Amino acid sequence: MVDPDERDPMVAMRVLRRYFAGAQDVSFTDTASPQAMRLWAAQGGAVARFHSMRWFIPLRPGSLGLAAMRRSSSGSRLAWLGHPLAVPLDWFARRRLGKGSDLSVVHVDVERVRSFVAVVGDRGYAHVDADLAGWTWLVDMCRAKTQFGPLHLLAFVDRSGQDVGVVMYYPNQRGLGQAVLVLARENAHGDVFDALCREAADQGSAALVGQADPRLMEVVGDRASCYIQRHGGVTVRCTDDVIRAKIASGDVALNRLIGEFWTRMQGDDF
């Protein structure tokens with residue numbers, strides 16, 4: 001940020017150059033505007049196209065249509081009239097949702113979510129490197145984003161009682177549910193994703209949105225879904241060539257806990 005009274009047009013460039021000269025291996029922002037992208041590119045940064053995408057999966061198509069109508073003042077009356085049609089459509093969609101997963105869902109605390117990070121390790125994931133107090137603070141910040149509704153911390157448990165996945169998400173009843181963190185053991189991503197979709201639908205979510213994740217590409221692609229880009233792109237600058245190649249190829253998952261999604265400094269709606 002630059003003082004609006006500052007007349008030197010190069011101030012922003014010098015501030016960014018000073019930041020990039022720090023000790024970090026990676027610098028990135030996941031809400032870069034076109035102007036910010038140009039500044040980063042001038043300093044050797046690049047747009048991570050894959051990480052700039054969000055996956056989107058409809059859960060209750062009737063409710064999703066009504067939510068779209070309610071966003072328009074001219075469509076509010078149509079939404080009221082369309083409610084009787086939306087109920088059976090949602091019921092039919094719910095019956096077909098997540099049939100392949102038999103995982104049970106348990107509400108858990110921050111420690112259980114943090115502990116699961118060690119289970120999946122660093123195989124394609126970028127994780128928050130913090131102690132329990134740091135994780136608790138970060139989750140509390142997420143809870144403060146009240147426009148999405150209450151934050152749910154879930155563990156997905158198989159028949160043997162083992163956690164095979166953990167999720168942090170906002171159901172956002174009658175609207176777009178927001179997935180903040182989705183982690184799963186190897187070969188369990190499909191089951192965890194199906195169980196999450198079923199849980200979100202039961203909580204009233206019309207659809208679910210989350211950060212593009214290479215571990216979920218096939219899972220998302222096999223279901224009625226799409227990818228969208230909103231709120232600017234993910235722009236990255238790396239001093240390490242290996243890290244740069246991994247991020248550029250989409251091999252590293254950047255979840256919403258390590259980006260700017262959880263912050264409130266830009267208001268609640270971004």
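Note that the coordinates shown come from a computational prediction; the quantities given were computed from them, not determined experimentally.
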Under 6.0 Å from the CG atom of N187, do we count more than 12 heavy atoms belonging to anything else shown? no
Answer whether the closest heavy-atom distance between the side chains of W40 and S27 falls below 4.5 Å. yes
Start with the C-alpha gap between L151 and Y170, add the side-chain angles, then the distance that decides, and say whether side chain to side chain contact (heavy atoms under 4.5 Å, CB included) holds. CA-CA 5 Å; L151 181 70; Y170 305 90; 3.7 Å; yes
Angle between ring planes, Y227 versus F50, binned at 30° and 60°: parallel, tilted or perpendicular? tilted
With a 3.5 Å distance limit and no angle check, can you tell me whether N172 reaches the backbone of S205 through a side-chain donor-acceptor pair? no
Quick check: W262 with W135 (ring centres under 6.0 Å apart)? no
Side-chain contact test, heavy atoms from C-beta onward, threshold under 4.5 Å: evaluate it for V108 versus F116 and give yes or no. no
Going from CH2 on W55 to CG on L208, what distance comes out if it is rounded to the nearest 0.5 angstrom? 4.0 Å
Before you tell me yes or no, could you show the steps for D213 and V182 under side chain to side chain contact (heavy atoms under 4.5 Å, CB included), namely the whole-Å CA-CA distance, both residues' side-chain angles and the distance that decides it to 0.1 Å? CA-CA 9 Å; D213 182 340; V182 180; 5.5 Å; no
Contact between V26 and V236 at the side-chain level, heavy atoms closer than 4.5 Å - yes or no? yes
As a quick check of understanding, evaluate side chain to side chain contact (heavy atoms under 4.5 Å, CB included) for R112 and L153, giving each step before the final call. CA-CA 9 Å; R112 191 155 164 183; L153 278 62; over 6 Å; no
Check whether any side-chain heavy atom of Q203 lies under 4.5 Å from a side-chain heavy atom of H152, and answer yes or no. yes
Under 3.5 Å: donor-acceptor pair, side chain of R185, backbone of D163: yes
If every non-hydrogen atom of P171 is compared with every non-hydrogen atom of P150, which pair is closest and at what distance? CD-O, 3.2 Å
Between I57 and C197 the two heavy atoms that sit nearest each other are CD1-SG, 4.0 Å
Any side-chain to backbone donor/acceptor pair from T235 onto M37? Under 3.5 Å, distance only. no
Between the main-chain N or O of Y19 and the side-chain N or O of Q24, is there a donor-acceptor pair closer than 3.5 Å? yes
So which heavy atom on L196 is nearest to which on F156, and how close? N-CE2, 3.7 Å
Under 4.5 Å between any side-chain heavy atoms of H107 and L154, yes or no? yes
Does E218 CD have over 12 foreign heavy atoms under 6.0 Å away? no
Heavy-atom pair with the smallest gap, counting every atom of I258 and F28: O-CZ, 3.1 Å
So, the side chain of S160 versus the backbone of D158: is there a donor-acceptor pair under 3.5 Å, distance only? no
Is F261 close to Q211 at the side-chain level, that is, under 4.5 Å between some pair of heavy atoms? no
Linking I/L/V/M/F/W/Y whenever any side-chain heavy atoms sit under 4.5 Å apart, do F193 and V105 land together? yes
Would you call D30 and R256 a salt bridge, taking side-chain N to carboxylate O under 4.0 Å as the test? no
Hey, quick one: are V47 and M13 part of the same hydrophobic cluster, counting side-chain heavy atoms closer than 4.5 Å, chains of contacts allowed? no
Are V139 and M141 joined in one hydrophobic group, where the rule is that I, L, V, M, F, W and Y side chains link up if heavy atoms are under 4.5 Å apart? yes
Quick one: sort the Y125 and H189 rings into parallel, tilted or perpendicular, breaks at 30° and 60°. parallel
To check you understand the geometry: which heavy-atom pair defines the closest contact between A130 and R114, and what is its length? O-NE, 3.1 Å
Mind listing the closest non-hydrogen atom pair of G233 and S52 along with its distance? CA-OG, 3.4 Å
Heavy atoms, side chains only, cut-off 4.5 Å: are D191 and V164 in contact? no
Could you see if V15 belongs to whatever hydrophobic cluster contains L39? Use Ile, Leu, Val, Met, Phe, Trp, Tyr and a side-chain cutoff under 4.5 Å. no
Can a donor-acceptor pair be found, under 3.5 Å and without considering hydrogens, that links the side chain of R237 to the backbone of Q43? yes
Between D109, D131, V110, which is the residue that forms a side chain to side chain contact (heavy atoms under 4.5 Å, CB included) with T136? V110
Between S33 and Q35, is there a side-chain donor-acceptor contact under 3.5 Å, judged purely by atom types and distance? yes
Around atom CZ of R143, are there more than 12 heavy atoms of other residues, nucleotides or ligands at under 6.0 Å? yes
Side-chain contact test, heavy atoms from C-beta onward, threshold under 4.5 Å: evaluate it for R14 versus V11 and give yes or no. yes
Among L257, L183, L181, find the residue that satisfies the side chain to side chain contact (heavy atoms under 4.5 Å, CB included) test when tested with H127. L183
Grouping I, L, V, M, F, W and Y whenever their side-chain heavy atoms are under 4.5 Å apart, do M10 and V2 come out in a common cluster? no
Euclidean distance, D102 CG relative to D194 CG, rounded to 0.5 Å: 11.0 Å
So with a 6.0 Å cut-off around CG of D3, is the heavy-atom count from everything else above 12? yes
Measuring from E199:CD to L103:CG, what's the distance to the nearest 0.5 Å? 12.0 Å
